[in-house]
Amino acid sequence: MQYWLMKSEPDEFGIDDLKKCPRQTAHWDGCRNYQVRNMMRDQMKVGDLALFYHSNTKPPGVAGIMEIVKEGYPDHTAFDPEDSHYDPKSDPDKPRWFMVNVKFVEKFPRYIPLAELKQQSQLSDMKILQRGNRLSITPVSKKEWDHIVKMGRE
DNA sequence: GCCAACGTTGGC
DNA sequence: GCCAACGTTGGC
């Protein structure tokens, strides 16, 4: 079982939106980055847990936990010319982009701002804290996971 | 295969 | 709104 951190802009889709979805489940569509595509297609497994990270908001930070409930499958929004994530180079017969389904697990009683994560020496290796990191999904170690969950539940 | 130009991400 | 970092594109 693995742990992840998944970024989304709450103006587009935040943890409260996920909670309001039918069965509190949604597909994580729109990723157009190959490294992230590979993680969703090859590595993320049902039962894995992920931190829901709110990016491009004030302040950015970790809002809660979700669970992977469906493994990588073609991102159909790439086939739809009307969709903002449309990619004509992705063919339904040979899909270029993949997504997973996630289910709401928990919203932390306490939102953890990025600035606070940066203060934790135990978290200094986290991908999200490395400069220049732009991946929307990154793996999280068990140690980092436990530390962050503890902060969120304080 | 190189690399300049361009687009996007995302914190500040 | 700015801009650093990084990915992608496309001419050569």
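Note: hydrogens, waters and symmetry copies are ignored here, and every other heavy atom, side chains too, is used. Chain A is the first sequence line, chain B the second, and so forth, proteins listed ahead of strands; every chain is numbered from 1. Bear in mind that the values here come from a model prediction, so they are computed numbers and not experimental data.
- Judged by distance alone, the side chains of A:Tyr34 and A:Arg96 do bring a donor and an acceptor atom under 3.5 Å apart.
- Contact between the side-chain N/O atoms of A:Lys7 and the OP1/OP2 oxygens of B:dG10 is found at a separation under 4.0 Å.
- Between the NZ atom of A:Lys127 and the C1' atom of B:dG10 there is a distance of 18 Å, rounded to whole Å.
- The CE-P distance, from A:Met6 to B:dG10, rounds to 13 Å in whole Å.
- Using modelled atom types, no side-chain atom of A:Ser90 and backbone atom of A:Ala78 make a donor-acceptor pair closer than 3.5 Å.
- One finds a side-chain N or O of A:Gln35 lying less than 4.0 angstrom from the OP1 or OP2 phosphate oxygen of C:dG7.
- Relative to the ring axis of A:Phe104, A:Lys107 does not place its NZ or CZ within 45° and under 6.0 Å from the centre.
- No single ILVMFWY cluster, assembled from side-chain heavy atoms under 4.5 Å apart, contains both A:Val100 and A:Phe98.
- Here the P atom of nucleotide C:dT8 and the CG atom of A:Leu135 are 10 Å apart, to the nearest Å.
- To the nearest angstrom, P of B:dG11 lies 7 Å from CD1 of A:Ile128.
- Phosphate proximity of C:dT8 to A:Lys89: absent, as no side-chain N or O sits under 4.0 Å from OP1 or OP2.
- Atoms OH (A:Tyr53) and P (B:dG11) sit 4 Å apart, rounded to a whole Å.
- Following rounding to the nearest Å, A:Lys58 (NZ) and B:dG11 (P) show an atom-to-atom distance of 12 Å.
- For A:Arg134 and B:dC12, the CZ to P distance is 16 Å, given to the nearest whole Å.
- Among the protein residues, A:Gln130 comes within range of no part of the nucleic acid, since none of its heavy atoms lies under 4.0 Å from any strand.
- One interatomic measurement links the two molecules: CG of A:Asn133 to P of B:dG11, which rounds to 10 Å at whole-angstrom precision.
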